[in-house]
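For clarity, every value in this text was computed on a predicted model and none was experimentally measured. Naming convention: chains lettered A, B, ... in sequence-line order (proteins, then strands); numbering from 1 in each chain.
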Amino acid sequence: MAEMRSRDGVQLHRFPGGLLLDDHKAMATQRPVEKAPLPKELVIPLQQHIGEPAMPIVEVGEHVLGGQPIAEAQGHISALVHATSSGTVKEITERLIPHPSGLTAPCVVIETDGKDEFVSPEPLDGWQQAEPAAIHQHVRNAGIVGLGGAAFPTDIKLTADEFLQIDRLILNGAECEPYICCDDMLMRERAEEVISGALVMLRALATERCQLAIEDNKPEAEQALRDAIKQADAADHIELVIVPSVYPEGGEKQLIQVLTGKEVPSDGLPIDIGIVCHNVGTAAAVHRAVVNGTPLVSRFVAVTGGGVREPRVLDSRIGTPFATLIESAGGALDSAVRLLMGGPMMGFAIRDDSVPVIKATNCILLATDDEIRPAKEPMPCIRCGECAQVCPASLLPQQLYWHTRAREMDKVEDYDIFDCIECGCCDVVCPSHIPLASHFRFAKTEIWGKEAERARADIARQRYEARQERIEKEKREQEERRQRKKKMLDNLDREKSKKDEIKAAMERAKQKKREKQEGKD
Amino acid sequence: MHYGVSPAPHLKPQTSVTKVMLQVLIALVPATLASVWYFGWGIMVQMLIATVFAVTAETLMLIARDRPLKPFIYDFSAVVTAVLLAFAVPPTAPWWLVAIGVVFAIIFAKHLYGGLGYNPFNPAMAGYVVLLISFPQEMTVWLAPEQLVFDEQRLSLYETLVTIFAGSFPAGVNVDAVTAATPLDAMRTGLANNQTVQEIRSNPLFGDFGGLGWEWIGNYIAIGGLWLMYRRVIRWQIPFGVIMGVGVPAVAFYFLDPGTHAGAPFHIFSGATLLCAFFIATDPVSAATTEKGRLIYGFCIGLLIYIIRSWGGYPDAVAFAVLLMNMAVPLIDHYTRPRTYGHAR
């Protein structure tokens, strides 16, 4: 892989493909971050993370305080959910959540009392000397998940044990997708929290080295982080690396490749090559949980796009409706036609602006017609191969598309469909305007469906074969029994006929004798 | 409030088939003007005839196949096919020649295979081969570069039109004065007559490194091609491959025996080598699509051009080389897959 150096001489590596995109970040970074208003009703979904949904532990009518757990983690991969302000549990019910499916999911609805009272914080005093397990537990209790968008429970990725060789912690502040700027503002305004969080994470991972990567389009954040590192006297452990702005560099696999030159194995995790990767927002949340003792109840959300009157970043409580945040950003313009959660590349469209902010909500993007792709019939693929040129996974989207259209799913799998990260680069460069990422999502679900079907069919076949075998066996046994019986009967018959023959012979002999005697007489 | 939904990504696409094809056409402008400069108005007339017939055939086929007209006519792919074929036929060839070629290209090489995106063979080259095999006589009457013709003998625009539409040079035109063998023809005939390359090249038909006029058209084609590369409409692999494929054996044989083998510059700047490298072999639909595959594809086309020119039955070989390699594309693509991220090296 090609090598390059960052501005301050750090050895970097290039990842294949990628796109230079207009970042559209400045529109929302001009205004300072403000706290979003407290809504009348907070809608807090029970599953905001990857893994098992949390189990509610409050009852309808119960009064709760901000920071109080309202749902418990279930199983290893799961996360706690907390009330994000004080009030009464109004209902525990199905509500619309921000999800690509547009479906509802179980939520705890809290009617806020306006007092905004919180439980007293429980910091982990002396965390600098704390056991990694204690930090781990604290992070789990705070309900922290990856705030970069994937929402994977953070505690699982903060495990140190003697079997894991951790080379370094990578903090991802690249934030490469256009429009999204919540991490940029977080690093500008709360750099010391990010740095402190990084030190806590290093302690939890029992490792020494952290690389904090940010793209070169965030000079203000860079300066703030440099100051914070100096202030925390953390320069020995935390290295700020300025990486060139290329989409999708903020993808975990891509950032790891840029910083280390190594690739995460296709069927593995970053930890397999000694790397743990967390988002900068997650680090700040870890700082708050461990140092301040407050759970994850709010996050920075960028409310931006051409369809918002005053684009800005808001410090928002989890559970605040999108509509409230859009109002706080001056309201939607009439030209707004699309509401997205996330950026324009990997974000998904939401029909209803009443859905709540969840832990994974980094950006609310209200786009105008000028900002989104027009709905148009795609042209046929002309095999120009531009999609392959920009694919960061070095896939051949043109071949994947070809075989997906032909429903040749074995070929699609053969062309490594499951290494597609759905970054959308191929869509953007396609001259035929083919929705390639959509095709690949379809192909993946199709293959998963087929696999599930195959698994079911396998079970059915096994059952059928077992039954068939049982019937065969019974038949065989029946036959054997019949044969045995027959043999026995035959034997009996044979013996009987022998006796008969003897009897007849004796009879005949007697007859002869009698005839002889009669002849003599 | 409710909003519409659509799948990710939502960002606008950066280009379109129409833009790609238009850029190809723009990139051909310098070479077209150079051709007018050296060989007169013929090429413009041929382009016009070819375009009219190509678009008509395209329209009829779209109607017959029940496809929407507007997107497929405005993609300008038929115009590109027409213009490329017009580049390849003699400037004063009768009108029906390029018409037959382009109609065959659009109907048989393109639409019967499924239209845009589905043709395994380069349509313009398929059309060219049909003409070359069916009308060898008409396909070989080339004009001499105007610089070799006395002013008063040059064909005017009117005379060019008459020649093309009447099918023969108008009375009063000195045919021997205005026509000449192409440099590739001259080289071939000369070598067959046991002349040395040096003797053959003393003919004023030859310029500094290629054929007179041809070499400059080649330069302008290269300029257009480099601009396409800069615009990322084409990538470097195929042009580089073709030029290497022609150049490497040319250099090797030239060093072996410079008397019977023309050098690399002659091969690269004569005939259609550069047109092939930048505009014909780079037709995305019928070319290999992987990076490595494109290098191999281009190199093999170049190699075939050199082989057929040197030992085959035709003076130039671009069309045959391209069509032969079109057939190999699925194989090349299959064996040149890049290594996926995270998979074993």
Heavy-atom proximity to chain B below 4.5 Å, by part of A:L396 = side chain

Step through the shown structure and confirm whether more than 12 heavy atoms of other residues, nucleotides or ligands are within 6.0 Å of CG on A:D410.
-> yes

Atom group of A:M345 that falls short of 4.5 Å from chain B, counting heavy atoms = both

Side chain, backbone, both or neither: which part of A:A323 has a non-hydrogen atom closer than 4.5 Å to chain B?
-> neither

Would you call B:D333-A:R383 a salt bridge at under 4.0 Å N-O?
-> yes

Look at the side chain of A:D352 and the backbone N and O of B:H2, then say whether any donor-acceptor pair between them is shorter than 3.5 Å.
-> no

Below 4.5 Å from any heavy atom of chain B, which atoms of A:K376 appear? Answer side chain, backbone, both or neither.
-> neither

Candidate list B:R232, B:R235, B:R231, test salt bridge (Lys or Arg N to Asp or Glu O under 4.0 Å), partner A:E386, passing option | B:R235

Closest non-hydrogen atom pair, B:Q14 against A:L20 | NE2-O, 4.3 Å

Of all heavy-atom pairs linking B:A8 and A:S438, the shortest is O-OG, 4.0 Å

Please look at A:V337 and chain B and tell me whether the side chain, the backbone, both or neither of the residue comes under 4.5 angstrom of a heavy atom of that chain.
-> backbone

With only heavy atoms counted, which part of B:V20 is less than 4.5 Å from chain A, the side chain, the backbone, both or neither?
-> side chain

Okay, A:D369 and chain B: the region with an atom under 4.5 Å from a heavy atom over there is backbone

Should we say atom CZ of A:F418 is surrounded by more than 12 heavy atoms from elsewhere, each under 6.0 Å from it?
-> yes

Engaged part of A:Y415 at the chain B interface, taking heavy atoms whose separation is under 4.5 Å | both

Checking A:Q399 against chain B: side chain, backbone, both or neither under 4.5 Å from a heavy atom?
-> side chain

Return yes when atom CZ of B:F299 has more than 12 non-hydrogen atoms of other residues, nucleotides or ligands closer than 6.0 Å, and no otherwise.
-> yes

cation_pi(A:R351, B:Y3) dist<6.0 Å, angle<=45 | no

Of the listed residues (B:N119, B:T340, B:T290), which shares the most heavy-atom pairs with chain A below a 4.5 Å separation?
-> B:T340

Greater than 12 external heavy atoms within 6.0 Å of A:F348's CZ | yes

Heavy-atom contact with chain B under 4.5 Å, split by part of A:L21 = side chain

Can any side-chain N or O of B:Y341 pair as donor or acceptor with the backbone N or O of A:K253 at less than 3.5 Å?
-> yes

Which portion of A:Q398 sits near chain B, non-hydrogen atoms under 4.5 angstrom | side chain

Looking at B:P7, B:P71, B:S6, which has the largest count of heavy-atom pairs under 4.5 Å with chain A?
-> B:S6

Based on non-hydrogen pairs under 4.5 Å, which of B:T15, B:V17, B:L11 is most in contact with chain A?
-> B:L11

Non-hydrogen atoms of chain B under 4.5 Å away: do they reach the side chain of A:C384, the backbone, both or neither?
-> both

Turns out that what part of A:L19 lies under 4.5 Å from chain B's heavy atoms comes down to side chain

Pick from A:S394, A:P100, A:G102 with the largest number of heavy-atom pairs that fall under 4.5 Å of chain B = A:S394

Ignoring hydrogens and geometry, is there a side-chain-to-backbone donor-acceptor pair from B:K12 to A:P374 under 3.5 Å?
-> no

Minimum heavy-atom separation for B:P13 to A:C430, with atom names?
-> CB-O, 4.3 Å

Please say whether more than 12 non-hydrogen atoms of neighbouring residues, nucleotides or ligands are located less than 6.0 Å from OH in B:Y74.
-> no

Using non-hydrogen atoms only, which part of A:L366 is less than 4.5 Å away from chain B: side chain, backbone, both, or neither?
-> side chain

Max heavy-atom pair count under 4.5 Å with chain B, selected residue of A:P344, A:C381, A:A375, A:P178 = A:P344

Give, as side chain, backbone, both or neither, the part of A:L340 having an atom under 4.5 angstrom from any heavy atom of chain B.
-> side chain

Top of B:A288, B:G4, B:G117 for chain A proximity - count of heavy-atom pairs under 4.5 angstrom = B:G4

Specify which of B:D283, B:I234, B:V5 makes the most heavy-atom pairs with chain A at under 4.5 Å.
-> B:V5

